[in-house]
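Right, one structure below, let's go through it.
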Amino acid sequence: MSDSVSRAWARVEREGERLRTLSLRVLFERDPERFASLSFGHEDLLVDLSREKIDRPALAALSALAEAAGLPERRDALFAGERINSTEDRAVLHMALRDGADARLVVDGIDVHREVEATRDRFLAFAEGVRSGSFAARDGGPFTDVVHIGIGGSHLGPEMAVRALRPDHDGPHVHFVANVDGADLADATARLDPTRTLVLVASKTFTTLETMTNARSARGWLAVAHGDHAGEHMAAISSNVEAAAAFGIEAERVFGFRDWVGGRYSLWSAIGLPVAIAVGAERFRDLLAGAAALDHHFRSAPLDRNLPVLMALVSVWRRNVMGWPSVALIPYDQRLERLPAYVQQLAMESNGKTITREGHPATRATAPVVWGEPGTNAQHSFFQLLHQGTDVVPVDFIVAAQARNGSGAGHHRLLVASCLAQAQALAFGRTPSEVRGEMAAAGAADVGLVAHRSFAGDRPSTTIAHGRLDPRSLGRLIALFEHRAFVEGVLWDVNSFDQWGVELGKSLADRLHPALAGGPLPSGTDSSTAGLLRHLRRLTDG
């Protein structure tokens, strides 16, 4: 760590010492205009940081840390197509998929934008063909259903987006399968007609164990109706055209993407094919345009008014200065029900690292645990812990001003009021004297309930507010969290674009799989794994 970075961290920690003992009540009493000075906007998007345990001097110290850590230079390198994924020697160019990167990018001798546009035109034309019926089932009829098979980033992104954009669906019904548990595929296809179903297989290498296991079973399900022609009801999102052909999927139904597109950033590529089938090419382009707008904001806005930068600074403040290891993401929008899982992967797979970019042990905590569910249901499950539990869990709220559900304004007003009320209650709580006053006004006797009904408050939150959820605003929202993860990684000095930690479990599963079928145990198997495997095999064998 350089001297300038060490000094910047020391300054940030001094600000933390100053603010740690000041409650949010006190901070608002000292500065009634906190909202004006600590809320930041872009288009209709507003990020309110006023309920965080932070103030302008602390934000200034964090911005100075970002400068010292080389964020502006790292951001420029990201957009310029430099190989910032150092452990895999790759560029990181998911922004190019939505026209948010440099117009003239050449990587490994390839004109990036020309290739992106050609691939995009191909898979969007295919999506429109499926939607219109010009690409038809074997009997000439239209496809009514699509089953998308993937895992990780090739599953979470499309599933999240398809669910989020339900009001825009006017194509075939799209179903998702990710778990190698056969129940997932069985349940997805239980009520589907194989003569009316198209299966998409999403695997860049066409070798992913879970995905290919499900793909083979799906092909078997199709073969009941189509025999050796089952592959005609399948398409692939993969760069391995030869393997797809061997599987029975012809090249014109294979859509690839380059290795500078990581799985958790791949929604914008052909991985987004199921989204395009559900909502159409025009709306898919709107999704891309929203993300590109946020790309331009991230690239051009000053650090102290840059939304993803500010959110990352607050994330680092929570994790490293305040010592809070967990964060809850609560969208007050049922259609964003899968966004917490998507952001969970984005944050934890990107920055859950103990090794710095230079290969040294990290000296500070890195990614927090991210989890969440949609409000208001979450209020009636785990919010008790958020309000009165022994651990402080910061919350990121997301709320839209307008609904798209067609059920009337009353529902949405209650939804928005609930979101604002929860943020208010977390921040300010309810003192024992306030409880006594309320009980007295209601004519209730104090029978020892004051302590139980009091809330300490001082629980931090950020509120992200926008106009309404549509393809463009969804793209913008996703890009906001993408760039936040990148900035966090710069400040923690980790490579946000590799995921070596997932590899060991995969290789061990490959070794154990034959043993479950009666083969010998791999040499060196520990006693716990061996004992469990033998027990499960006995139960399987009866």
Side-chain angles (χ1 to χ4, degrees), residues 147-156 158-159 175-194 197-249 254 263-264 271 341 344-345 348-349 352 498-542:
V147 174
H148 178 270
I149 297 174
I151 199 165
S154 65
H155 163 78
L156 283 168
E159 184 192 38
H175 315 267
F176 291 89
V177 173
N179 201 325
V180 76
D181 183 344
D184 199 9
L185 179 64
D187 291 349
T189 57
R191 299 188 178 184
L192 302 187
D193 178 357
T197 302
L198 174 68
V199 173
L200 306 179
V201 182
S203 171
K204 182 186 290 188
T205 62
F206 221 69
T207 60
T208 309
L209 178 62
E210 298 94 336
T211 299
M212 297 315 300
T213 299
N214 280 326
R216 283 188 288 272
S217 295
R219 187 178 59 184
W221 174 74
L222 290 170
V224 173
H226 305 293
D228 293 340
H229 299 280
E232 296 177 23
H233 272 232
M234 303 184 82
I237 304 148
S238 176
S239 297
N240 193 340
V241 178
E242 295 78 11
F247 199 80
I249 304 174
V254 180
R264 56 191 173 277
I271 289 292
Q344 182 182 71
Q345 186 201 24
M348 296 171 68
E349 192 167 77
D498 62 10
Q499 53 279 329
W500 297 105
V502 304
E503 300 300 325
L504 177 59
K506 290 181 180 179
S507 63
L508 291 174
D510 287 341
R511 295 177 61 201
L512 290 170
H513 183 242
L516 281 164
L521 278 171
S523 61
T525 301
D526 66 275
S527 61
S528 176
T529 303
L532 286 167
L533 192 147
R534 284 192 293 266
H535 176 72
L536 292 168
R537 198 160 63 185
R538 282 196 301 271
L539 294 177
T540 302
D541 295 341

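None of the values given here were measured: they were computed from a predicted structure.
One finds the OG1 atom of Thr525 at 6.0 Å from the CG atom of Leu512 (value rounded to the nearest 0.5 Å). Here the NE2 atom belonging to His229 is positioned 10.5 Å from the NE2 atom belonging to His226, to the nearest 0.5 angstrom. The CZ atom of Arg537 lies 6.0 Å from the CG atom of Leu521; values are rounded to the nearest 0.5 Å.
For Asp526, the CG atom is densely surrounded, since the number of other residues' heavy atoms within 6.0 Å is greater than 12.
At least one donor-acceptor pair closer than 3.5 Å links the side chain of Arg219 to the backbone N or O of Phe247. Using modelled atom types, no side-chain atom of Thr211 and backbone atom of Ser203 make a donor-acceptor pair closer than 3.5 Å. A donor-acceptor distance shorter than 3.5 angstrom exists from the side chain of Arg511 to the backbone of Ser523, with no hydrogens or angles considered. The backbone N or O of Leu536 lies less than 3.5 Å from a partner atom in the side chain of Thr540, making a donor-acceptor pair. Side chain of Asp181 to backbone of Ala183: a donor-acceptor contact under 3.5 angstrom is found. Looking at Thr213, its side chain does come within 3.5 Å of a backbone N or O of Leu209 through a donor-acceptor pair. With hydrogens and angles ignored, the 3.5 Å screen pairs a side-chain donor or acceptor of Thr197 with a backbone N or O of Asp193. Side-chain atoms of Ser238 come within 3.5 Å of backbone atoms of Asn240 as a donor-acceptor pair (strictly under, hydrogens ignored).
Counting heavy atoms from C-beta on, the side chains of Leu192 and His175 come closer than 4.5 Å. Counting heavy atoms from C-beta on, the side chains of Thr529 and Leu532 never come closer than 4.5 Å. In this structure, the side chains of Val147 and Phe176 stay at 4.5 Å or more apart for every pair of heavy atoms. Contact of the Gln344 side chain with the Glu349 side chain is not registered, since no non-hydrogen atoms from C-beta on lie closer than 4.5 Å. Between Ile149 and Leu200, every side-chain heavy-atom pair lies at or beyond the 4.5 Å cut-off. Inter-residue side-chain proximity for Thr205 and Ser239 is flagged as unmet; no heavy-atom pair is nearer than 4.5 Å. Looking at heavy atoms from C-beta onward, Leu222 lies in side-chain contact with Met234 at the 4.5 angstrom threshold.
Listed here is the closest heavy atom pair of Ala178 and Asn214: O-ND2, 3.7 Å. Of all the heavy atoms in Pro520 and Ala515, the pair that sits closest is O-CB, 3.7 Å. Of all heavy-atom pairs spanning His148 and Ile271, the tightest one is NE2-O, 4.4 Å. For the residue pair Ala218 and Leu185, the shortest heavy atom distance occurs at N-CD2, 3.7 Å. Contact detail for Ala236 and Phe206: the closest heavy-atom pair is CB-CE1, 3.8 Å. Residues Ala202 and Ser154 approach most closely at O-OG, 3.7 Å, considering heavy atoms.
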